[in-house]
Amino acid sequence: MVSRLLIFYTCIQFSYTNVFSNFKAVMPRNFKLLEELEAGEKGSGDGTISWGLNDDDDMTLSVWTCMIIGPPRTAFENRMYTLRIGTGEDYPIKPPTARFISKIKLNCVNENGIVDPNKLEVLKRWQPTYSIRNVLEGLKKQMQHKENHKLSQPPENSQY
Amino acid sequence: MAGLPRRIIKETQRLMAEPVPGISASPDESNARYFHVLVQGPKDSPYEGGMFKLELFLPEEYPMSAPKVRFMTKIYHPNIDKLGRICLDILKDKWSPALQIRTVLLSIQALLSAPNPDDPLANDVAEKWKVDEKAAIEEARNWTRKYASAQ
């Protein structure tokens, strides 16, 4: 009897914890993405990365068109690389997906332009506080990495 | 670390016990600061007959800063943009901690009854509202039928 009561009590405690005591305010997906959108509209500082909704009336906030300008003193220099980032329903608990539209030679990108989440640190060790911006910065860093920075690139403006 | 502030618990309980007529708001199962909201289109407005889905979030600083609210149902309204963001002074600079979730929801309901094209967020819609109000209202009715018909 006592143990039953105890179980019952624990259950109540558990659901109470679930509903009423998440200590930090966790921003839900859509509000986080709206903030990311606004940050993108303001620009990212040096202008070498940018992101915005693919369709400006996409109420689901799921498909983003992004751009990275290749960093100086690399094979990517002065080129504009376009990519799509997908933020699924479980974002930001689950990481986004990324796929290049512009052809690119980069070790973390497969032959169809898809970014391999196991080969990009920011996707592999994804945290819900990360954002689209972090993915783009991660990719830009890859372009500067010594295993990539001399890779000869496909013709400029070619697409998958 | 504190739990959910007393005020939020109180407001939630009251919203559930005495809901605003035409509006339902219930907290998300896993996030007590996130509310799923349904607003009925007010009578004698172009939104009449529609059921609009919204989401509301109480940020960490609430009630010192305003709740965040967004329409999830498409709506043709000069003060609501393509992504459902709402232009309403009490959600921005006119916010006061004396206001509540309830007052915010009432204000949104009132905004549906009285669109304000002079303080627009959706510029093309506001333009239409000013140039040809009759056509704009008809368009709002069409959108209500198309996207918000209560089922």
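Reminder, nothing fancy here: chain letters follow the sequence lines and each chain counts from 1.
B:K82 has its side chain out of reach of A:L53: every pair of non-hydrogen atoms, C-beta onward, lies at least 4.5 Å apart. Within the 4.5 Å cutoff, the side chain of A:P28 has no heavy atoms near those of the B:D28 side chain.
Both B:I90 and B:V39 are assigned to one and the same hydrophobic cluster, defined by single-linkage of ILVMFWY side chains at heavy-atom distances under 4.5 Å. Cluster membership check: A:I101 does not share its hydrophobic cluster with A:L136, using side-chain heavy-atom separations under 4.5 Å among Ile, Leu, Val, Met, Phe, Trp and Tyr. Note: the hydrophobic cluster containing A:I69 does not contain A:F76 (ILVMFWY, side chain heavy atoms under 4.5 Å, direct or indirect links). In terms of hydrophobic clustering, with Ile, Leu, Val, Met, Phe, Trp and Tyr side chains grouped at heavy-atom distances under 4.5 Å, A:W51 and A:L34 are assigned to a common cluster. Put simply, A:I114 and A:L83 are part of two different groups of oily side chains (I, L, V, M, F, W, Y) that touch within less than 4.5 Å, one to the next.
With values rounded to the nearest 0.5 angstrom, B:L83 atom CG is found 7.5 Å from A:D56 atom CG. Interatomic distance, A:M59 CE to B:M72 CE, rounded to the nearest 0.5 Å: 8.5 Å. Taking CZ of A:R29 as the start and OH of B:Y34 as the end, the distance is 9.0 Å to the nearest 0.5 Å.
Crowding of B:K92 atom NZ: a count of heavy atoms from other residues, nucleotides or ligands under 6.0 Å exceeding 12.
When the options B:R33, B:K68, B:E60 are evaluated for a side chain to side chain contact (heavy atoms under 4.5 Å, CB included) with A:M27, the one that passes is B:K68.
Look at A:E38 and B:R85 and you find a salt bridge, because one of the NZ, NE, NH1 or NH2 atoms lies within 4.0 Å of a carboxylate O, short of that distance.
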